[in-house]
Amino acid sequence: MRLLQIELYKLWHSRISKVLIFGYFLLIFSIAILSTIKVELGPINFHLAEQGIFNFPYIWHFNTFVIALLKVFFAIIIVAMIGNEYSNKTLKQNLIDGLSKAEFLRTKVYAILAFVVISTLFVFIISLILGGIYSDYNELQIIFMDLEYLLAYAVKLFGFFTFCLFLSILIKRSAFALGFLALWQVTEGIVFGLMKWKLSDLIPQISAEQVFQFFPLNAMGNLIKEPFTRLSAIQNLADQMGEAFTKDYSVSFFNIAIVIVWSALFIRGSYFLLKRRDL
Amino acid sequence: MSNTLLELNELTKKYGGLTAVNKLSLSLTKGKVYGLLGPNGSGKSTTLGMVLNVINPTSGTFQWYDGSLTTHEALKKIGAIIERPNFYPYMTALQNLTLICKIKQCSTDTIEELLKLVNLWDRKKSKFRTFSLGMKQRLAIAAALVNQPDLLILDEPTNGLDPEGIHQIRELILTIAQQGTTILLASHLLDEVEKVCTNVIVLKNGVKYYEGEVEGLSQSFGYFEIATENNEQLLNFLEAHPAIGEISKENKYYKVNLTQDVSTAVFSKELQKKGILLTHFSKKQPSLESQFLSLTQTKEHATPTN
């Protein structure tokens with residue numbers, strides 16, 4: 001608790017991180033604005049909220065997926081905070097003042113955890129409210145179906161933030177760490193493409209997808225699959241065109257395990273870097 | 001409880017092929033004021049970095065409080081300033097010190113008194129990034145004292161300051177030393193150390209050359225500065241005298257090194273008997289600077305392996 005307080009004190013007194021955190025939660029709220037989108041063009045009468053995106057239990061899937069896109073806001077805060085600890089040499093001063101390296105890392109991890117918990121609660125409450133207003137089904141059983149999307153959401157955020165933590169400790173400069181993150185995303189895609197092209201020739205027993213699911217960013221992405229093709233409106237459209245999506249949208253616990261293992265590795269790796277380096 | 005605050009045992013740090021600190025052993029006792037002397041690059045900061053948990057030793061050990069506390073627990077009871085003041089630029093003086101109190105788990109009651117002591121109370125609500133270097137350095141001193149430390153470590157505290165800033169910091173250190181705080185002052189500025197320290201540790205190229213009291217640094221009995229009107233007569237007398245060592249001429253005076261303890265009264269009487277009339281006569285102790293130079297230079301010849 002003391003360690004969390006220390007980190008929150010640092011965050012709270014920085015104007016930039018305050019603005020970003022407020023901005024983040026405001027944006028989550030703004031998903032409610034989506035519900036007010038109405039298009040009336042002669043015969044076409046489109047009201048987004050009535051397309052079923054806020055129906056229970058689909059809303060858990062939809063909201064967790066869309067709101068998870070905002071995670072990049074907090075990622076910037078993490079990367080900037082660590083970068084500043086290095087460039088202002090306050091990391092060094094914290095250690096001299098009697099924080100151990102493990103404790104320093106724990107302040108960061110606790111702050112991430114606190115943020116993930118608050119963000120997940122936010123998503124839960126907002127979905128509950130929006131669903132309460134717009135959902136066609138209001139039986140308790142249906143409302144609390146598919147809550148594993150919230151778990152997937154929390155794990156996804158935690159995995160992503162610990163990855164950012166690791167990168168920023170590795171690279172020490174915030175701009176480069178963010179650049180590296182983008183580069184990593186692209187690299188995963190390229191490696192996947194190469195594997196799809198060549199891997200089956202080399203090792204026929206393994207498919208590229210089997211390997212790809214273990215890549216950190218892809219594993220995080222796989223936690224919550226895109227919800228759009230699951231919408232009945234789009235399903236109907238596809239049916240008419242003679243195509244059917246047969247996709248598994250559920251949350252895979254194997255996937256959750258992969259991301260948790262990655263998070264653990266990122267935290268261990270961060271500690272290893274901190275421990276080994278001279279400051 | 002023992003009075004040993006810190007003990008180093010053959011502590012060594014190598015950077016690639018360079019040995020920054022070489023098998024350094026020493027111990028610090030409560031209540032003394034230590035000077036850690038050595039030219040730039042002699043391993044002072046590396047040594048401090050190791051005991052302050054920011055540099056990993058290559059080999060050797062150190063322990064705080066006889067090993068009864070882990071390093072980071074011990075550091076909560078220590079105050080240290082290394083090279084430059086490091087604070088959060090976006091926080092005010094007050095916020096920065098409050099954060100340090102959270103880390104050190106100490107009371108925030110001392111903050112007001114300390115900010116007044118270092119003349120920053122009027123600026124307590126200014127952000128750190130608006131401070132001048134002198135103000136930053138003074139804030140660092142306040143920060144190092146916020147937990148009423150058992151030991152205050154200062155590494156080159158006057159580096160980069162203007163004469164007024166240097167004066168202010170020195171006055172502060174003297175005040176703190178007089179209050180009985182144990183201090184370890186690392187510096188290459190010898191007069192800085194000479195003014196406040198009771199004990200010195202001399203480092204060069206990572207090797208310890210001397211550890212002990214300031215007075216014991218050289219075995220010197222001091223020297224006379226003499227001027228007469230009849231130099232020939234004086235030199236004849238001096239060369240015959242059993243207590244006289246090396247004689248050199250500096251400006252208008254002869255600098256006469258002593259090999260035994262000779263009082264001014266006795267020596268001037270002897271000169272008078274010989275009928276030598278003095279125009280200038282005084283007894284002096286060599287400065288820390290010249291003692292330091294002679295120590296590090298003679299050792300260099302004595303131990304060429306280093």
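Chain A is the first sequence line, chain B the second, and so forth, proteins listed ahead of strands; every chain is numbered from 1.
- With a 4.5 angstrom heavy-atom cutoff, B:F128 does not touch chain A via any of its atoms.
- In terms of heavy-atom pairs under 4.5 angstrom with chain A, the leader among B:N147, B:L52, B:I103 is B:I103.
- In this structure, chain A has no heavy atom under 4.5 Å from any part of B:I153.
- Of the listed residues (B:N86, B:L75, B:I100, B:N53), the greatest number of heavy-atom pairs within a distance under 4.5 Å of chain A belongs to B:N86.
- Both the backbone and the side chain of B:Y88 come within less than 4.5 Å of a heavy atom in chain A.
- By number of non-hydrogen pairs under 4.5 angstrom with chain B, the leading residue of A:L3, A:T90, A:I6, A:N94 is A:T90.
- Contact between A:L11 and A:S17 at its shortest, heavy atoms only, is O-OG, 2.7 Å.
- With A:F22 as the aromatic partner, A:K18 does not meet the cation-pi criteria of under 6.0 angstrom to the ring centre and within 45 degrees of the ring axis.
- Neither the backbone nor the side chain of B:K77 comes within less than 4.5 Å of any heavy atom in chain A.
- Heavy atoms only, all atoms of each residue included: A:Y86 and A:S168 are closest at CE1-O, 4.4 Å.
- A ring-centre distance under 6.0 Å is found for A:F122 and A:F25.
- Most heavy-atom pairs under 4.5 Å with chain B: of the set A:Q93, A:K10, A:K101, A:K92, this distinction falls to A:K10.
- With a threshold of 4.5 angstrom between heavy atoms, A:R15 approaches chain B through side-chain atoms but not through N, CA, C or O.
- With ring centers used as reference points, B:F87 lies 6.0 Å or more from B:F131.
- Between A:Y153 and A:T64, the shortest heavy-atom distance links the atoms CD1-O, 3.5 Å.
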Go through it in stages, so that I can follow the logic: the residues are A:F212 and A:F215, the test is ring-ring contact (aromatic ring centres under 6.0 Å, His included), and I'd like the CA-CA distance, side-chain angles, deciding distance and then a yes or no. CA-CA 5 Å; A:F212 192 41; A:F215 285 22; 5.4 Å; yes
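- Of the two parts of A:K275, only the backbone, made up of N, CA, C and O, holds a non-hydrogen atom closer than 4.5 Å to a non-hydrogen atom of chain B.
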